[in-house]
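Working notes, structure below.
To find a chain, count down the sequence lines: A is the first, B the second, and so on, and within it residues start at 1.
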Amino acid sequence: MASKPPTKSFAPQPRPKKTPVDDAEAQLQAEYAQAADSQYGRGRKISTKSVKDKKLRANLRALEQKTKQATLQAKQAEILLDNEAGLIEPEYELERTYKVRQDDIRNEVSIETAKKGFELRLDALGPYDVCDYTRNGRELLIASRKGHVANFDWREGKLGCELQLGETVRDAKWLNNNQRFAVAQKKCVYIYAGDGVEIHQLKKHQEATHLEYLPYHFLLASISTAGMIRYTDISTGQMLSDLPTKLGPPTALTQNPYNAILHAGHQKGLVTLWSPNSQTPLVKLLPHRSPVRAIAVDKSGRYMVSASQDRQMSIWDIRMFRELHSHHLKAPAHSISISDRNLTAVGWGSHVSVYKPDLFSLSPESDVRVPTPYMNWQGDGMGVSKVKYCPFEDVLGIAHAKGFTSILVPGSGEPNPDSLEPGTNPFETPKQRQEAEVHALLEKLQPEMISLDPNFVGNLDLVSHEQRLAEKDMDAKKENKVEKLKKKARGRNSALKKYLRRHGQKNIIDEEKVRAREALQRNNAKLAAKLKKDQESYGPALARFARKG
Amino acid sequence: MPPRKSRDSLQSGKPPKGKPQSGPRNPKKAQRRAQNAFSIAGYDASDRTKIRKSRLGEIEGATHRKRPRDEEDEEGEDEEEQDVKRGKRRRAGDESFDEGSDSEGNTWTMGHVEDDDDSDIDSDEAFGESDEERFEGWTFRGSSSNQKSGKPKRVRLAKEMDDADGEIDLDEAESADGENEDEDDLGEDAIDLATALDQYEEDEGEEKREKQKRKKTTAFDDSDSDEAPSEVGDLAADGASDFSSEDDDEDEADRRAQLKDLITSMATEDEQNAPAPRKVDIHENAAPSEFGIMRKVDLAGFKSKIADPGRRKSLKLLQDDNSTKRNDIARKLEAPLPKRQQDKLDRAAAAAKAKETLDRWTDTVKHNRRAEHLHFGPDQPEPGSRMGESRLLPTTTAEPANDLESTIQSILQQSGLSNGKEDEEKIQKWEELQTNKLPLEEVQKRRAQLRLERELMFREEVRAKRIKKIKSKSYRRVHRKERDRLMEKEREQLKADGIDVSEDERGHNDRRRAEERMGAKHRDSKWAKGVKASGRGAWDDDARAGVTEMARRNEELRRRIEGKEVREEGDEASDFSSDEDDEDLTDNEEGTEAVKRQLARLEQNPFSANNSKLGSMAFMQKAEAARKARNDEDVERLRKELAGEESNSDVDDNAAKVGRRKFGPSTTMAPPAIEVRSEFEEREELDSDARNGDAAPSEEIATNGKATFSSKSESSDINPYLIAKRTKKMDEVPSTDLVPMAYDTIAATQVQEKPAKASKKKSKSKQEQSSDESLKGVFAGNPTIGKADDDGFQTVTYDTDDKEDDGWGDENDTFDAIGLRRNQQFTASAFAGDNVVADFVAEKGKIVAEEDERIEENVLPGWGAWTGDGLTASEKRNKGQISRTKKSGIAPGKRKDAKLARVIINEKRVKANAKYMSSQLPFPFETKEQYERSLRLPKGPEWTTKKTFQQATKPRVMVKQGVIKPMHKPLI
């Protein structure tokens with residue numbers, strides 16, 4: 001078996017137009033530019049010819065030029081990605097990659113890599129339903145249904161903490177880094193520090209069955225047995241509004257990493273898409289005719305894979321909301337996970353099947369009825385309850401009835417981590433982690449920015465004037481200017497004084513001005529009193545150091 | 001000059017009436033004067049210069065009656081009036097005043113006598129005398145008339161004598177004059193001041209002539225007027241300055257003197273850098289008097305003697321206007337404008353100049369305004385270059401600059417490696433000495449040898465260049481041929497497919513030709529003409545190259561016009577030899593032949609120095625051998641390549657071959673035109689291939705290597721799963737749908753919906769799309785599969801079986817299908833009661849209806865309706881006034897999910913998101929697209945490269961610490 005870089009690209013690229021270019025080099029350059037555009041381009045160009053305003057035209061041209069340069073530079077920066085991605089490829093026609101066993105792989109790869117495949121046999125503590133990796137893939141969190149929760153640096157085998165909660169644990173999730181994790185217990189959700197100390201009890205998140213954490217918004221989302229979706233901002237501790245699904249106990253919950261939309265699976269084969277800004281689901285899909293068991297969305301936010309109780313697995317394009325493909329598994333799937341490089345792992349029964357990224361290039365018209373798996377894994381009689389890919393590693397974590405198993409899936413992880421993105425640096429030091437946390441907090445996105453199209457921010461709102469008027473809150477309180485001015489703390493110059501200076505010259509006396517004047521007088525009196533008091537307290541010798549203000 | 005003439009006439013009228021009517025005449029005179037006062041004043045104010053002019057230029061007209069009068073008047077009109085009063089006073093007996101005022105006793109006595117005789121004459125005379133006295137200095141201070149300054153006394157004496165002699169004569173003459181001048185007076189009174197001024201100068205010549213005649217008759221007549229003698233005296237005194245006198249000799253001398261005068265005056269003016277306006281005035285006044293001379297004297301004769309350019313210029317100015325109608329010095333050297341006007345003009349000119357200077361900056365300013373980034377501050381040195389990095393100086397010539405260098409130098413000297421400067425100098429000196437010792441012939445020989453050597457080296461270089469050229473030519477040719485062949489093939493292919501590309505190509509060719517034509521400036525460009533004219537091609541290499549290129553283009557164009565194939569420049573521009581140039585290489589073989597021939601020629605170097613004596617010298621041989629070795633190597637390689645290429649082209653005509661090659665008996669290569677086909681077509685073909693037999697897959701694999709873009713479908717083709725399925729597909733029995741029955745009824749409708757869609761999509765049979773089919777696909781296989789592989793997937797086993805034997809697979813299939821369907825049935829029945837799809841459809845319908853546009857009815861109960869007993873049924877039905885309002889919504893057809901059966905998309909507006917949206921289009925943008933495009937490229941370092949990020953966040957104006965110098969010149 002030889003590992004080769006994949007020759008196929010996932011997204012269908014537009015064929016280059018045939019132009020009569022004589023110069024071979026120019027042609028090459030054009031091809032390069034086109035490749036860069038298809039990979040890193042930012043949408044279609046706009047035509048600047050029709051623009052009449054000279055300045056605007058020049059500006060727009062410069063803008064286009066900049067965009068082009070940016071794409072070219074992004075393409076050129078590819079040489080910095082020194083690690084290649086690749087998959088196991090068969091050497092001859094009849095060889096099948098899914099026949100490769102973990103032992104074979106472990107024998108072939110380096111010792112360090114081989115160590116990444118391991119098994120934790122935890123027979124006594126019950127079925128392990130939960131496993132989760134931190135965003136940089138360093139730490140692992142596992143939780144059993146019976147209340148055993150443990151987190152550890154899985155590569156070094158260093159235990160972070162081990163808790164015996166003695167309570168049903170339904171889900172557990174790492175929060176922004178390895179310092180905090182949330183556990184959905186029998187009654188409510190708890191937040192623990194990395195060393196196992198309980199920090200918060202989120203009483204509002206009652207009977208949560210599934211947890212999701214939105215890293216860029218600092219939102220912890222849960223869905224309860226009653227079908228309520230709740231959001232908590234973990235940076236401020238504030239709750240956002242509850243969203244009732246009204247579809248009974250949920251069966252699955254996942255997030256779309258592209259736009260932070262939650263996908264909830266329901267008993268009636270429905271998948272609903274939620275944002276905290278809407279009380280009703282943004283989209284309702286019907287991929288299945290029986291309860292949905294598992295959902296996963298790929299990193300680019302294009303594809304959703306879901307599985308149902310009737311063994312069906314269906315692949316959806318969730319930009320177009322069209323089903324690309326569906327087929328039946330041999331047993332109903334319990335869990336689905338999609339890796340950084342779009343390898344789909346499906347845990348069904350005691351098996352795990354891994355599919356290649358070309359799963360997403362299937363279409364209703366294609367001949368493939370059942371896609372061939374890329375890899376297979378079977379636990380002996382251990383029902384797989386959760387599969388989860390480790391970020392930036394060729395590792396798939398499997399939580400099953402008798403513990404946790406880590407298997408090697410060559411080509412699953414992103415080989416070139418982006419250390420600039422907060423929280424995703426696999427080699428980060430504690431100092432870097434702290435800085436990244438601060439940066440992430442400063443760059444936190446507001447929950448109102450969650451939308452199906454995450455690029456909507458700043459776009460033009462095309463709503464009609466009538467609707468705008470209708471939406472306007474006529475009963476809203478008028479803002480109190482004077483109060484606002486009084487609270488302004490910036491600068492030495494009193495905002496009130498400034499206001500009076502600006503607006504007080506005219507011989508118009510209105511209520512606002514009167515109030516401002518009064519406020520100013522009161523302020524001054526207060527300051528004078530304070531000064532006097534200070535002088536008294538300082539004593540006669542030091543009285544001169546008392547300051548007004 | 002009207003004022004003068006009128007007064008002249010008045011005065012002339014006086015003497016005859018003289019004594020008897022002294023009393024009544026005075027008021028008349030006064031009246032006349034009063035009438036003319038304005039013109040007099042005007043004249044006086046306008047031109048004081050006239051006074052002097054007449055003085056200097058017209059004094060000679062002594063016989064003329066008019067002149068003397070003029071003169072008197074000119075001498076002081078203000079005084080005249082005073083004198084009139086004085087005269088009156090005198091008559092009244094106030095003589096003491098006259099005495100006191102008059103310095104000379106003679107005058108006094110004379111005046112006394114005359115006072116008795118004729119008060120008028122007396123007053124006139126007295127006036128004239130006093131005038132002369134008073135304005136003595138003023139008059140002669142002028143310019144050319146300076147010479148006169150010494151003479152007035154004499155003149156006066158003569159005058160006195162004359163006065164004493166002829167009083168009677170005077171009367172006669174005056175009477176005669178008076179008559180003439182009266183007529184004149186009448187005629188000239190009508191003319192206004194300006195025209196008169198103009199006329200004066202024109203008339204002057206005639207007058208002079210008249211004067212001359214009169215002079216002849218009356219000059220030496222004793223019985224002349226009282227003023228005549230004075231005029232004669234004047235004449236005598238002014239002899240030197242009289243230009244129009246009859247005496248030629250005198251004239252000549254006068255002219256010279258005048259010219260000298262003029263020149264000296266000019267010189268003084270030149271020397272004074274900023275002449276005061278008064279001075280200019282003086283000069284101005286003086287000029288007209290010289291004017292008479294200037295016309296006659298040929299300035300050109302004097303021109304050469306004047307060295308100073310300034311003076312020459314002024315002379316030229318005088319000369320230039322000779323041809324014009326009015327040769328008027330006053331016009332040539334016009335009076336300067338009033339200061340304010342001059343200033344205004346100056347300001348305008350200065351403003352224009354300033355504007356011009358500022359306009360030079362416009363482009364720079366524009367550029368800076370439009371520039372994305374501006375940098376102010378000390379100029380940084382270019383990145384990556386340090387001081388002294390670009391230029392290394394030899395240590396031998398330069399003095400060691402620092403300690404390190406000096407130590408190194410000393411070390412070198414100590415170790416005997418270098419003595420620095422002295423070393424070189426020594427060697428040079430020694431060489432010179434040696435050459436001095438040698439005989440001349442020897443030196444010459446050596447020189448010739450060196451030259452030859454250099455020449456040969458150069459030739460070898462030339463040869464290398466040619467080899468390179470041939471090589472590149474052949475390369476190009478090979479590639480072009482190949483390209484052409486491919487193109488041809490493709491075209492044929494396309495033609496076979498029914499697509500005619502020729503139009504496109506023709507368009508392309510047309511365009512190229514047009515471009516060629518556009519470039520026809522080669523022939524009649526300025527440059528070409530210039531080169532031709534200057535003959536620069538002979539010595540300038542660049543120009544020559546240009547000319548050659550031009551000729552080549554010309555030829556090419558001609559050929560194009562004739563419709564011949566045009567070769568690349570390499571073919572025609574071969575400068576190797578003329579006969580080869582003429583060869584028309586139309587074929588590939590011929591082309592390679594030609595190259596070979598060229599190579600053969602190059603093999604034996606025509607410039608080889610072997611056969612000469614020089615060539616036998618060691619260093620020559622060595623150098624040449626090295627060079628030749630290299631060249632030969634090149635030639636050999638070229639030859640090999642040519643040969644290789646030929647053999648290649650013999651074996652297969654498709655040079656561009658990539659991918660895996662397959663060897664076997666029947667590998668008829670599919671042409672690359674496969675690429676053009678659409679995916680759809682291909683798949684169909686594959687299907688048919690699969691039906692045809694086993695050979696098909698292998699063929700597919702063969703093509704696989706080439707058509708990479710369609711590898712997706714092909715790889716799926718290799719898939720054993722697939723093959724198994726396809727083979728099954730043919731055998732499948734159109735069985736009754738078992739599973740859908742298990743599902744709810746709506747599911748059946750969905751299944752029906754799908755085939756309908758599929759029928760649209762042409763050839764594919766879509767029945768297999770249905771769920772039971774797919775299920776069959778999955779589980780149609782050997783039931784023993786579960787045991788086959790404990791690791792994972794077991795389905796493989798039946799695939800191969802199917803591939804090997806269709807019939808067996810068929811059996812298996814049917815057998816398996818029963819079990820599977822039963823399985824499916826069980827599963828379906830487990831979820832049968834859910835009515836999932838029905839519920840979903842109902843929900844969607846409800847939402848669509850809710851959000852649709854609708855008309856709302858609002859009822860106001862009781863309005864417009866009766867109540868109480870005895871109402872009819874229809875009246876009872878009337879509930880009240882009904883108002884209908886239309887509520888906007890989304891039509892079912894316009895919903896986003898209109899065509900998506902299993903999707904409900906929420907059409908409600910998310911208000912929270914509107915917070916982050918722009919409610920208005922920001923100013924400079926004209927459309928939504930432009931605005932949103934401007935937001936499209938993210939600025940942050942996470943999304944772009946470092947360079948892009950830095951460029952995007954670079955401030956517009958950057959100011960570095962240091963001295964910021966102003967721009968000293970426009971940058972553009």
Examine the side chains of B/Thr945 and B/Thr948 and answer whether a donor and an acceptor come within less than 3.5 Å of each other. yes
A/Asp53 portion near chain B, given a 4.5 angstrom heavy-atom threshold: both
Top contributor to chain B contacts, counting heavy-atom pairs under 4.5 Å, from A/Gln69, A/Met449, A/Arg42: A/Arg42
Say whether, by atom type as modelled, one donor and one acceptor occur between the side chain of B/Asp897 and the main chain of B/Ile905 under 3.5 angstrom. yes
Can you check whether B/Leu900's main-chain N or O pairs, donor with acceptor, with A/Arg322's side chain at less than 3.5 Å? no
Using non-hydrogen atoms only, which part of B/Leu935 is less than 4.5 Å away from chain A: side chain, backbone, both, or neither? side chain
What part of B/Phe925 lies closer than 4.5 angstrom to a heavy atom of chain A: side chain, backbone, both or neither? both
Structural part of A/Leu462 lying under 4.5 Å from a heavy atom of chain B: side chain
Sub-3.5 Å donor-acceptor pair from the side chain of A/Ser290 to the main-chain atoms of A/Asp310, do we have one? yes
For A/Glu443, is it the side chain, the backbone, both, or neither that has a heavy atom closer than 4.5 Å to a heavy atom of chain B? side chain
Please state whether the rings of A/Trp348 and A/His351 are parallel, tilted or perpendicular, taking 30° and 60° as the class boundaries. parallel
Could you look at B/Val910 and say if it's the side chain, the backbone, both or neither that has a heavy atom under 4.5 Å from chain A? side chain
Relative to chain A, which of B/Glu942, B/Lys915, B/Lys908, B/Gln930 shows the most heavy atom pairs under 4.5 Å? B/Gln930
Should the pair A/Glu471-B/Lys911 be classified as a salt bridge under the 4.0 Å nitrogen-to-oxygen rule? no
When A/Val271, A/Thr71, A/Asp418, A/Leu282 are compared by non-hydrogen pairs under 4.5 Å with chain B, the top option: A/Leu282
Please classify the contact between A/Pro281 and chain B as side chain, backbone, both or neither, with a heavy-atom cut-off of under 4.5 Å. backbone
Under a 4.5 Å heavy-atom cut-off, does chain B meet the side chain of A/Met320, its backbone, both or neither? backbone
Closest non-hydrogen atoms of A/Lys268 and B/Val836, given as atom of the first, atom of the second and distance, are O-CG1, 2.8 Å
Any donor and acceptor pair, going by atom type alone, linking the side chain of A/Glu448 with main-chain N or O of A/Asn277 inside 3.5 Å? no
Interchain contact, A/Leu452 with chain B, by part (heavy-atom threshold 4.5 Å): neither
Selection from B/Lys844, B/Lys946, B/Glu926, B/Glu929 maximising heavy-atom pairs under 4.5 Å formed with chain A: B/Glu926
Is a donor on one side and an acceptor on the other found under 3.5 Å between the side chain of A/Thr97 and the backbone of A/Tyr374? yes
With a 4.5 angstrom heavy-atom cut-off, is it the side chain or the backbone of A/Gln312 that approaches chain B, or both, or neither? neither
Name the region of A/Lys45, side chain, backbone, both or neither, that has any atom closer than 4.5 Å to a heavy atom of chain B. both
Which answer fits B/Lys947, side chain, backbone, both or neither, if we ask what part of it has an atom under 4.5 Å from a heavy atom of chain A? both
Answer yes or no: is there a donor N or O on one side and an acceptor on the other, between the side chain of A/Asn259 and the main chain of A/Pro454, under 3.5 Å? no
So what's closer than 4.5 Å to chain A heavy atoms on B/Thr827: side chain, backbone, both or neither? side chain
Would you say the side-chain atoms of A/Tyr355 pair up with the backbone N or O of A/Phe360, donor to acceptor, closer than 3.5 Å? no
A/Val352 versus chain B, heavy atoms under 4.5 Å apart: side chain, backbone, both or neither? neither
Would the distance check show the side chain of B/Arg902 and the main-chain N or O of A/Pro287 forming a donor-acceptor pair, the cut-off being under 3.5 Å? yes
Interface moiety of A/Gln309 toward chain B, non-hydrogen atoms closer than 4.5 Å: both
What residue among A/Leu285, A/Leu286, A/Val292 forms side-chain contact (heavy atoms from CB on, under 4.5 Å) with A/Leu270? A/Leu286
Side chain from CB out, backbone as N, CA, C, O: work out which of these in A/Leu60 comes under 4.5 Å of a heavy atom of chain B, or both, or neither. side chain
I'd like to verify something: which residue of B/Lys896, B/Glu907, B/Glu843, B/Arg370 has the highest number of heavy-atom pairs under 4.5 Å with chain A? B/Glu843
If you define the side chain from C-beta out and look only at heavy atoms, does anything of B/Leu937 sit under 4.5 Å from B/Trp943? no
Contacting moiety of A/Arg468, where chain B heavy atoms sit under 4.5 Å: side chain
For A/Leu460, is it the side chain, the backbone, both or neither that has a heavy atom under 4.5 Å from a heavy atom of chain B? both
Max heavy-atom pair count under 4.5 Å with chain B, selected residue of A/Val463, A/Asn455, A/Val283, A/Asn459: A/Asn459
Under-4.0 Å salt bridge between B/Lys954 and B/Glu372: no
Per-residue contact mode, A/Leu63 against chain B (heavy atom under 4.5 angstrom): side chain
Find the one option among A/Ser47, A/Gly43, A/Gly269 whose heavy-atom pairs under 4.5 Å with chain B are most numerous. A/Gly43
